[in-house]
K.L.:
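Below are the structure tokens for one structure; questions will follow.
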Amino acid sequence: MIEELVTAGLTLGSVGAVYVAAAARVVKQYERGVVLRLGKLRSEVRGPGFTMIVPFVDRLQKVNMQIVTMPVPGQEGITRDNVTVRVDAVVYFKVVSAADAVIRVEDYRFAVAQMAQTSLRSIIGKSDLDDLLSNREKLNQGLELMIDSPAVEWGVTIDRVEIKDVSLPETMKRSMARQAEADRERRARIINADAELQASKKLAEAAKEMADTPSALQLRLLQTVVAVAAEKNSTLVLPFPVELLRFLERAQQPAPPSQEQQPSLPSPELFAQLQKLLSQPQQQLARAEEPSAESAAESSPAPSYESASEPKRSVQSAPSMAEQSLREQLPPVPEPFDPDSGGSKSGQV
């Protein structure tokens, strides 16, 4: 009898242990349990911890309540300005109603993924390329509203949507690079022009100050020389006044020809030498005539003429040699100062 009771107790205990093992469930902290008893939803949603269900009657389905990060595959589309792009995004969502996520939709994850892809294609077609590249916050908000509207009925709320990457064709990348380069060059030129304008104003003020004190320009020149010499250069460059260059350029230009070509005259020094040479025969002739007159008084007239004639010939030969040497050294002399005519006049005298 006792053995039968012990056996029955062990049997009941084992049956109870099997029942408890079959009915016991553990729900984690980030999960919620939805119980379906004979296919009918139980109003009570099991919270985290240990819970019991009726074996072979109830079915417990756990729903994750954490925020799910779902990548949206890249979608190709044509923007409103006819540019083909490929855009991919990331969706962050979570379940707020475990019962609706189980009852209202077959697979809420798949539903959210498909809704995100279609919404992304729609946003691409409604936006311009500049909006996709620079105004992504507005597009993210539009995507979030488009996905969140049907997801509310599924017990899912969209926490955030982010456009991750926008892929452009290579031709479009090159065009945008050229545009950006041209824009940067334009801004650089504007900045340089503004700097030149400010520098010209300052230089004009400095020029006014230096005009009042001319020694300041010389001091500035010396400062420039010191600055250049400090770099240990083998060549020293000094600034050259532009006015002096203009003066030299005007000096090199030929003078305009006059209406009447005047003969080129020798210099005053050459005239003085010429007059000196022409006056020498006259003095020598006067000196030669004086002794001839004295000899004529003492001697007969015939020899005196002969003696007087001889000095004249010697005197006339001396100017001719001087004139020839002078002609070789001096430039041609105009008619009023021709040495030949002067020699004849002196001979006649």
K.L.:
Atom CZ of residue position Phe50 - does it have more than 12 heavy atoms of other residues, nucleotides or ligands inside 6.0 Å?
P.N.:
yes

K.L.:
Taking atom CD of Gln114 as the centre, report whether more than 12 heavy atoms of other residues, nucleotides or ligands fall under 6.0 Å from it.
P.N.:
yes

K.L.:
When you measure from the side chain of Asp183 to the backbone N and O of Gln179, does any donor-acceptor pair fall under 3.5 Å?
P.N.:
no

K.L.:
Could you pull out the closest heavy-atom pair between Val91 and Ala116, with the gap in Å?
P.N.:
CG2-CB, 3.7 Å

K.L.:
Got a sec: does the CD1 of Ile78 have more than 12 other heavy atoms crowding it under 6.0 Å?
P.N.:
no

K.L.:
May I ask you to test the Leu168-Leu129 pair for a side-chain heavy-atom distance under 4.5 Å?
P.N.:
yes

K.L.:
Do the side chains of Met70 and Val63 join up, straight or via other hydrophobic residues, at under 4.5 Å, putting them in one cluster?
P.N.:
yes

K.L.:
Do the non-hydrogen side-chain atoms of Val54 and Arg37 ever get within less than 4.5 Å of each other?
P.N.:
yes

K.L.:
Could you tell me which non-hydrogen atom of Val27 sits nearest to which non-hydrogen atom of Gly47, and how far apart they are?
P.N.:
CB-O, 3.3 Å

K.L.:
Taking the side chain as everything from C-beta on, heavy atoms only, tell me whether Lys173 gets closer than 4.5 Å to Met176.
P.N.:
no

K.L.:
Out of Val35, Ile53, Leu60, which one pairs with Arg42 under the side-chain contact (heavy atoms from CB on, under 4.5 Å) rule?
P.N.:
Val35

K.L.:
Show the nearest heavy-atom pair for residues Asp159 and Glu144, with the distance to one decimal.
P.N.:
O-OE2, 3.6 Å

K.L.:
Could you go through the side chain to side chain contact (heavy atoms under 4.5 Å, CB included) check for Leu139 and Leu132 one step at a time?
P.N.:
CA-CA 7 Å; Leu139 299 180; Leu132 290 175; 3.3 Å; yes

K.L.:
Under the side-chain contact (heavy atoms from CB on, under 4.5 Å) rule, collect the residues that match up with Val90, sequence neighbours excluded.
P.N.:
Thr69, Tyr92, Lys164

K.L.:
Can you find a pair of side-chain heavy atoms, one from Val166 and one from Arg136, that are under 4.5 Å apart?
P.N.:
yes

K.L.:
Before you tell me yes or no, could you show the steps for Val87 and Gln75 under side chain to side chain contact (heavy atoms under 4.5 Å, CB included), namely the whole-Å CA-CA distance, both residues' side-chain angles and the distance that decides it to 0.1 Å?
P.N.:
CA-CA 5 Å; Val87 183; Gln75 303 296 315; 5.7 Å; no

K.L.:
Should Val57 and Leu36 be counted in the same cluster of Ile, Leu, Val, Met, Phe, Trp and Tyr side chains packed under 4.5 Å apart?
P.N.:
no

K.L.:
Can you tell me if Gln223 has over 12 outside heavy atoms packed within less than 6.0 Å of its CD?
P.N.:
yes

K.L.:
With a 4.5 Å cut-off on side-chain heavy-atom distances among I, L, V, M, F, W and Y, is there a chain of contacts connecting Tyr108 to Ile103?
P.N.:
yes

K.L.:
Are more than 12 heavy atoms from other residues, nucleotides or ligands located less than 6.0 Å from atom CD of Gln66?
P.N.:
yes

K.L.:
Run Val34 and Leu41 through side chain to side chain contact (heavy atoms under 4.5 Å, CB included) and show every step you take.
P.N.:
CA-CA 8 Å; Val34 178; Leu41 176 65; 3.3 Å; yes

K.L.:
Could you tell me which non-hydrogen atom of Leu143 sits nearest to which non-hydrogen atom of Ile163, and how far apart they are?
P.N.:
CD1-CG1, 4.0 Å

K.L.:
Hey, are Glu205 and Lys201 close enough for a salt bridge, meaning a charged N less than 4.0 Å from a carboxylate O?
P.N.:
no

K.L.:
If hydrophobic clusters are built by linking Ile, Leu, Val, Met, Phe, Trp and Tyr wherever their side-chain heavy atoms come under 4.5 Å apart, do Val26 and Met52 end up in the same one?
P.N.:
yes

K.L.:
Start with the C-alpha distance between Arg32 and Val95, add both sets of side-chain angles, then the distance that settles side chain to side chain contact (heavy atoms under 4.5 Å, CB included), and finish with yes or no.
P.N.:
CA-CA 10 Å; Arg32 297 295 182 269; Val95 178; over 6 Å; no

